[in-house]
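Written below as structure tokens is the structure these notes are about.
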There are 2 protein chains.
Amino acid sequence: MRFEAQVEVTHLPGVLDPQGATVERALPALGYTNVSCVRIGKSIRLVVDAPDAEAAAAQVDEMCHRLLANPVIEAFTVEVVALQEA
Amino acid sequence: MRFEAQVEVTHLPGVLDPQGATVERALPALGYTNVSCVRIGKSIRLVVDAPDAEAAAAQVDEMCHRLLANPVIEAFTVEVVALQEA
């Protein structure tokens, strides 16, 4: 069965986020003075073939630890939904 | 009132995603042969001060068009949730 996984990779608290800081500094120049706490991470979507949702989520979690995220400086959340078979 | 917005920026269909393609090519070498359709986009979280959720969502949508995303090659979704005041 096929599952779509959505992974959100964010910086751990305390880790510098230069991309977010740059955007936050740019927004007031465009007139947006009411925005704060801008943080920019990665959003990864993929399709995985697995017997059930638990197995799919466990595999994606392992993939995050090994390749998709850097657990030393990044946190991640995994969401898995079943795809309708065509 | 303060709202947290989560923006997911993805490539439009048909736009090349070299980062996703690279990850997809790397996964089989780690033993993950059941993964496909890897796409990597951005996840942006920010806090916005607005009178209500509709105003917050409208402002974030406008910010995406002007700065956070490139509408020519990227799609985006905006989700807004109210923050509990301390």
Side-chain angles (χ1 to χ4, degrees), chain A residues 1-11 13 17 19-52 55-69 74-80 83, chain B residues 1-11 13 17 19-52 55-69 74-80 83:
Chain A
M1 210 177 154
R2 301 173 82 221
F3 297 87
E4 173 162 36
Q6 202 223 327
V7 181
E8 185 183 4
V9 181
T10 55
H11 292 86
D17 175 5
Q19 201 180 359
T22 302
V23 167
E24 193 164 332
R25 276 201 310 273
L27 285 168
L30 292 172
Y32 304 110
T33 52
N34 57 345
V35 180
S36 58
C37 302
V38 181
R39 286 151 296 152
I40 300 187
K42 278 184 294 186
S43 166
I44 306 172
R45 285 180 181 269
L46 51 85
V47 173
V48 58
D49 223 325
D52 56 54
Q59 182 187 329
V60 173
D61 196 82
E62 192 186 292
M63 281 160 44
C64 284
H65 273 103
R66 293 183 67 190
L67 178 69
L68 303 178
E74 289 172 333
F76 57 85
T77 57
V78 176
E79 276 170 46
V80 170
L83 286 177
Chain B
M1 209 177 155
R2 300 174 81 222
F3 297 88
E4 174 163 36
Q6 202 223 326
V7 180
E8 185 184 4
V9 180
T10 55
H11 292 86
D17 176 4
Q19 201 179 359
T22 303
V23 167
E24 192 164 332
R25 277 200 310 274
L27 285 168
L30 292 171
Y32 304 109
T33 53
N34 57 344
V35 179
S36 58
C37 301
V38 181
R39 286 152 296 153
I40 300 188
K42 278 185 294 187
S43 166
I44 306 172
R45 285 179 181 270
L46 51 84
V47 173
V48 58
D49 223 326
D52 56 53
Q59 182 186 328
V60 174
D61 197 82
E62 192 186 290
M63 281 159 45
C64 284
H65 273 104
R66 293 184 65 191
L67 179 70
L68 303 177
E74 289 172 333
F76 57 85
T77 57
V78 175
E79 277 170 44
V80 170
L83 285 178

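The figures here come from the full heavy-atom set of this structure, side chains too, leaving out hydrogens, waters and symmetry mates. Chain letters run A, B, ... following the sequence lines, proteins first, then strands; residues in each count from 1.
Atoms CZ and CD, on A:Arg45 and B:Glu8 in that order, are 4.0 Å from each other to the nearest 0.5 Å. Note that the CE atom of B:Met63 and the CG atom of A:Leu27 stand 4.5 Å from one another [nearest 0.5 Å].
The parts of B:Glu62 that come within reach of chain A are both its backbone and its side chain, each placing non-hydrogen atoms under 4.5 angstrom from that chain.
The heavy-atom pair separating B:Val48 from A:Val35 by the smallest distance is CG2-CG2, 4.2 Å.
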Notebook entry, point to check: Given the rule in the side-chain contact (heavy atoms from CB on, under 4.5 Å) test, do A:Ser36 and B:Arg2 qualify, once you have shown the distances and angles that lead to the verdict?
Noted result: CA-CA 10 Å; A:Ser36 58; B:Arg2 300 174 81 222; 4.0 Å; yes
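With respect to chain B, the highest number of heavy-atom pairs below 4.5 Å among A:Leu68, A:Val23, A:Ile44, A:Thr10 belongs to A:Ile44.
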